[in-house]
Protein chains: 2
Amino acid sequence: MSLPKKVKIVEVGPRDGLQNEKGEVPAEVKIELVNRLTDAGFPNIEAASFVSPKWVPQMATSKEVMAGISRKPGVIYSALTPNMQGFEAALAAGANEVVIFGAASEAFSQKNINCSIAESIERFVPVAKAAKDAGLRLRASVSTAFGCPYQGEVPLDSVAYVVGRMRDLGCDEIDIADTIGVSTPRKTQAVMERAIKEFRANGLAGHFHDTYGQALANIYAALEVGIEIFHSSVSGLGGCPYAKGATGNVATEDVIYMMNGLGIETGVDLDKVVDAGQFISNFLGRKAASRAGNAIAAKRAG
Amino acid sequence: MSLPKKVKIVEVGPRDGLQNEKGEVPAEVKIELVNRLTDAGFPNIEAASFVSPKWVPQMATSKEVMAGISRKPGVIYSALTPNMQGFEAALAAGANEVVIFGAASEAFSQKNINCSIAESIERFVPVAKAAKDAGLRLRASVSTAFGCPYQGEVPLDSVAYVVGRMRDLGCDEIDIADTIGVSTPRKTQAVMERAIKEFRANGLAGHFHDTYGQALANIYAALEVGIEIFHSSVSGLGGCPYAKGATGNVATEDVIYMMNGLGIETGVDLDKVVDAGQFISNFLGRKAASRAGNAIAAKRAG
């Protein structure tokens, strides 16, 4: 199987990663983090979430962050938008891409947002329309696509249904997320191959968590079936809300290390990502969760 | 590509893992660890090293450990034997398999044991002969096969040379080791495919380190080219002597989790491995280094 020559790495640390941090991270720290990631060469950075601060206090500074970052032309700065209020805020803040979301697991949808998958997607119709009208990129995130903390197995048909609905809403990109990190390589390929039947392969992204240490193997397996976009979080920021103390988002440093080894172009400077990882880990007062990041830092220290 | 239906997992934690631990681990703790691993179902456990205690003080208890463990019929208990003195000790201790070793990197060989690769293998000729004469299994470990801390790249020809020499010494099994954890999946496949030209695929083992987070991806890639034996270390015991604070041997729990997900039989009970990992991590006074192990333990704790 031939692998893609080039992939897009979407850095989600500033939003998906930091969102799960308990302690407050001030806007200026987030701004420096985003600036460092911009400088490292990421083409797409998930920088903000315009959700009610009542639900996610860590994201209350999103407006300030979006106003404070130094943007590089061509880089997409994404913001999560749960509703029209969030969309208006993201638009005003100059987000280049808004992100809507839905679970592939019916049980997860019911437990998390108290409505069915179909209803949850219906709620995004106005956001999707407004995004297209405003000329913004639209991305959808399909959570629990590889397994669910409540129902366990998630049928491929459910994944296909959500991907199809998101496609019909006009999404430019759809990420298929292993929210609880339970997938293994062949499962990953089966889910991705099913998603590819609903949406073009080069518009699909793999969003893998490393909860069970499987993320890199899953990313490699996804590359083999033609996936060209991957999400990752600098220094493995994030953790897992479903298993305290467990690992969350796959660490960007590990992903870039693998892509470099595979000869797959990312445009990202690994050393600068390691620096950004050290910066935010130092702020958070803990060791970075990236294995490659720690190994490179250890080698530098001699 | 079809994957093997069944693989052999060689648990190396008690030797290769603990060997790198600074603090003394008493024989009774090692014995309980080996017994727990036996009970978990491993068909092969690297339990001892009959090397001079001057060089590896942690292994000074090897005789006591081998005498104290409860053996299960059919399980192979392996011991590292650097020379004839070590071989005699391993034989007396009732090892089922002795392990000889050599680097694929000339620079590593020179730096580590102050002789050429060819000379280093020559020294094992009497050990190999004695092992065959005594009816013991003979395994060879080929270190730095995917990269070297001193010379960087290691030519495929060097790997092929060492594998061929070890084959000629009568080895039953040969493991190809990524001593510093630098390989990525396609590199892994290239090295393994070259090794397969020198030795039967089902006698080759992959020994991967997770220093850069790549081990699981490498194991998956090795499965794709037909490798059916893998080494791993419970709770990721070991660390990396070449990068302080970095990760070492791939964690057994992560490997078993992946094999279970792939539907590949190992005969190993993951829950019992997690227990064994918690046991030794508690003794060492630190969090287990296995992602799957920590996630499963976190789920148990609720």
Side-chain angles (χ1 to χ4, degrees), chain A residues 1 3 146-147 149 180-188 209-221 223-224 236 239-240 242-248 250-251 253-264 270 287-302, chain B residues 1 3 146-147 149 180-188 209-221 223-224 236 239-240 242-248 250-251 253-264 270 287-302:
Chain A
M1 278 174 269
L3 304 179
F146 301 86
I180 54 170
V182 292
S183 192
T184 45
R186 288 289 156 114
K187 168 89 177 190
T188 293
H209 280 220
D210 210 21
T211 321
Y212 293 85
Q214 310 295 309
L216 260 278
N218 286 325
I219 290 173
Y220 177 68
L223 285 169
E224 289 186 316
C240 176
Y242 302 98
K244 206 169 161 260
T247 323
V250 64
E253 297 89 326
D254 299 10
V255 176
I256 302 290
Y257 186 93
M258 183 171 79
M259 297 301 173
N260 288 350
L262 292 169
I264 296 174
L270 178 53
K287 195 177 168 187
S290 161
R291 300 188 168 203
N294 287 332
I296 291 167
K299 275 189 75 172
R300 283 181 187 168
Chain B
M1 279 174 266
L3 304 180
F146 301 86
I180 53 171
V182 293
S183 192
T184 45
R186 288 290 155 114
K187 168 88 178 193
T188 293
H209 280 220
D210 210 21
T211 322
Y212 293 86
Q214 310 295 308
L216 260 279
N218 286 325
I219 290 173
Y220 177 67
L223 285 169
E224 290 187 316
C240 177
Y242 302 98
K244 206 168 161 260
T247 321
V250 64
E253 297 90 324
D254 299 10
V255 175
I256 303 291
Y257 185 95
M258 183 171 80
M259 296 302 173
N260 288 349
L262 291 169
I264 296 174
L270 177 54
K287 196 178 167 186
S290 161
R291 300 186 171 204
N294 287 331
I296 291 167
K299 275 189 77 173
R300 284 181 188 170

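Order of the sequence lines fixes the chain letters, A, B, ..., with proteins taken first and strands second; residue numbering starts at 1 for each chain.
Taking all atoms of both residues into account, the shortest heavy-atom contact from B:Ala217 to A:Met258 is CB-SD, 4.0 Å. The heavy-atom pair separating B:Thr184 from A:Leu262 by the smallest distance is OG1-N, 4.0 Å.
At a 4.5 Å heavy-atom cutoff, the contact between A:Val182 and chain B is made by backbone and side-chain atoms alike. Heavy-atom distances place the side chain of A:Tyr220, and not its backbone, under 4.5 Å from chain B. In this structure, no portion of A:Glu253 lies under 4.5 Å from any heavy atom of chain B. Neither the backbone nor the side chain of A:Ala288 comes within contact range of chain B, judged by heavy atoms closer than 4.5 Å.
Of the listed residues (A:Leu3, A:Ile219, A:Asn294, A:Ile296), the one with the most heavy-atom contacts under 4.5 Å to chain B is A:Leu3. Here A:Pro185 is the residue among A:Ser183, A:Pro149, A:Pro185 with the most heavy-atom pairs under 4.5 Å with chain B.
Rounding to the nearest 0.5 angstrom, the gap separating the CG atom in B:Leu216 from the OH atom in A:Tyr212 is 14.0 Å. Taking CG of A:Asp210 as the start and CG of B:Asp254 as the end, the distance is 8.0 Å to the nearest 0.5 Å. Note that NZ of B:Lys299 and CD1 of A:Ile180 are 6.5 Å apart. Values are rounded to the nearest 0.5 Å.
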